[in-house]
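One structure is given below, encoded as C-alpha cells.
Both counts, for ligands and for their atoms, begin at 1 and track the order of listing. Note that the structure is predicted; figures quoted are calculated from it, not measured.
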Amino acid sequence: MTDKIVPRGAFTSKFGIVAAAAGSAVGLGNIWRFPYVAGENGGGAFLLIYIGFILTIGMSVMLAEFIIGRRAQKNALGSFKKLAPGKPWWIVGFMGIVAAFVILAFYSTIAGWTFEYLIQAIGNGFAGKDAGAISQMFTDFQTSTTRPLLWQLVFMVLTAGIIVCGVQKGIEKYTKMLMPLLVLLIIIMCIRSLTLPGASEGVNFLFKPDFSKISGKVILEALGQSFFSMSIGMGALITYGSYIQKNNKLPNTTFQVAMADTVIAILAGVMIFPAVFAFNMEPDAGTGLVFQVLPNIFTEMPGGYIFAVMFFLLLSVAALTSTISVLEVVVAYGIEELNLSRKKATIIFTSAIAVLGVFATLSFSELSEFKIFGHTIFGSLDWLSANLLLPLGGVFIVIFLGWVLGKKAIVDEVTNNGQIKMRFLRVFIFILKYIAPVAIVLVFLNAIGVLG
Ligand code: PHE
C-alpha cells in the first residue's frame, strides 16, 4: 500500500497537538456525561476511583495510543496492520471503528440538545422559569420528535463539514481560543453555584466519598467514564497520534491532555452538584441532568442571559471538537484502507452513522419503550461504548504495545530516539504489560458478576 498522505493541516505546532487532542477529550463527556454518571453512582467515591483510573490506566492507554499512531503514521486499523503485518491485530483497529460508529450515533443526540439549548438561551427561553418549569421544558423537548432529530442532523452535517476539509488550521485556532474561555465560564458558574443557599450538600456529594456506595458496577462505570472522557480505547488518539511530529514529547502531551480533561470534569461537577441540591433536584436524574440544572443557575445570576448564550455556544464547540475526532477515525480508515476520497468517505460514513443516530434520538420519544436488557437504544449504545468497547479496546492496545511491539519501540517513541528522558518509563511499561490488562479485565468480570 502506498503511503498516501492525508491532509493533516492542524498538527503543525506543539500547542496545536495539545489543542486537538484536548479538543477531542474535553467535550460532552466532561460536562454532560461525567455529572450524570457520577450522580448515578454515588458522587464522591465515584470521583475518587475515576481519578485513580485516569492517573494509572487512562494515561497509559492514552500514551500507548499516541505511540502506536505516531510510529505507524496510519489510521487506527492501518496502524495495527503496519506494525504487525500478517497478524490479526487489525481487528483491534476494526473494533475501534465500530466504537466510533456507536459513539457518534448517540453523542450526536446530546450534541443536538446543546444546539436546542443554545437557541433557547438566545431567545431568553429560561427567564422567569422555576426549577419545575425548566425540567418540564426539557422533558417536552426530549420527548418531541422533530426538533431533536433536526438538531442532530445539523450537528452531523457540521462535523462532516469540518472533516471534509481535513482537520484544518481553523479547528486548531478556534480550540486554542475557545477552550480557555469555556474554562473561564465554568469557573464563573462554579462560583454562582457554590454561593447558592444549600450548596454545601452538593459539595459534600461530590467530594466526600461514601465508600459504602462502591460496587463492581460503580468501578466499571468509573473506568468506562475515564476511557470515554479521555477519548481512549477506540483509536481516536491513534489517528491523531499519526498526525504528530516526531519531535513532540508524547509523555508531556499525554499529561497535559489528561489534566485538562480531568480539571474540566471536576469543575463541571462543582458547577452542577451544588445547584442540584440547592434546587431540590435528584443527582441521579440521568441523561437530562445538566440540561435541567444549568438553566437554573443562569436564571439565578446577574448577566445570566449572556452567560447562558456563551455557555451553550462553547458547549456546542466542545462537543464539535470531540465529534470531529470520532469521525476522523472512520474517515481516515476509509481514505487509507478503502481508497476512498476524503469527501466520499465523509459522506458515506456520516450518513451511515446518522441512520443509527436517529434510533438513538428516538429512544427518548417514539422508541422509549423499546428496551434491550433494560436499556433504551440510546442507553445501550452509551453503555456498550463506554463500559464494553472502550475498555476492551484499551486492553488490546496496551497488550499490543507492551507485549507485541515491545520495549525498544516504546523507548524509541517516548524518548524520541534517546533525545529526551522519560521519568516514569519503567512504571509505564509495568502498567502496560501487567496492571492495565489485568485490572481492566478484573473490573469488567466483577461488574458483570462473574467474580461473584
Ligand atoms: N472524550 C469525548 C468527550 O469527553 C468523547 C469521545 C469519546 C471522543 C471517545 C472520542 C473518542 O466528550
Are [Y] and [X] an aromatic pair, judged by ring center distance below 6.0 Å?
X	Y	answer
Tyr117	Phe311	no
Phe370	Phe359	no
Phe138	Trp113	yes
Phe80	Trp90	no

Closest approach of any protein heavy atom to atom 8 (C) of ligand 1, naming residue and atom: Ser231 OG, 3.2 Å

Of all the non-hydrogen atoms in the protein, which one sits nearest to atom 2 (C) of ligand 1, and at what distance? Ser24 O, 3.1 Å

Looking at Arg342 and Glu328, does any basic side-chain N land under 4.0 Å from a carboxylate oxygen? yes

Decide whether an N or O pair under 3.5 Å exists between [X] and ligand 1.
X	result
Phe228	yes
Ala25	yes
Val326	no
Asp261	no
Ser325	no

Element-labelled atoms of ligand 1 that are located less than 4.0 Å from some non-hydrogen atom of [X]:
X	result
Met234	11 (C)
Ser229	1 (N), 4 (O)
Leu28	12 (O)
Gly29	3 (C), 4 (O), 12 (O)
Asn30	4 (O)

Give a yes or no answer on whether the side chain of Gln152 reaches the backbone of Gly357 with a donor-acceptor pair at less than 3.5 Å. yes

Flag, side chain of Gln225 to backbone of Gly29, donor-acceptor distance under 3.5 Å: yes

Salt bridge (charged side-chain N to carboxylate O under 4.0 Å, His left out) between Glu337 and Lys81, worked out: CA-CA 10 Å; Glu337 305 302 315; Lys81 249 176 39 186; 2.7 Å; yes

Heavy-atom proximity to atom 12 (O) of ligand 1, picking from Phe227, Tyr240, Tyr107, points to Tyr107

Can you say whether the rings of Phe106 and Trp32 are parallel (under 30°), tilted (30 to 60°) or perpendicular (over 60°)? tilted

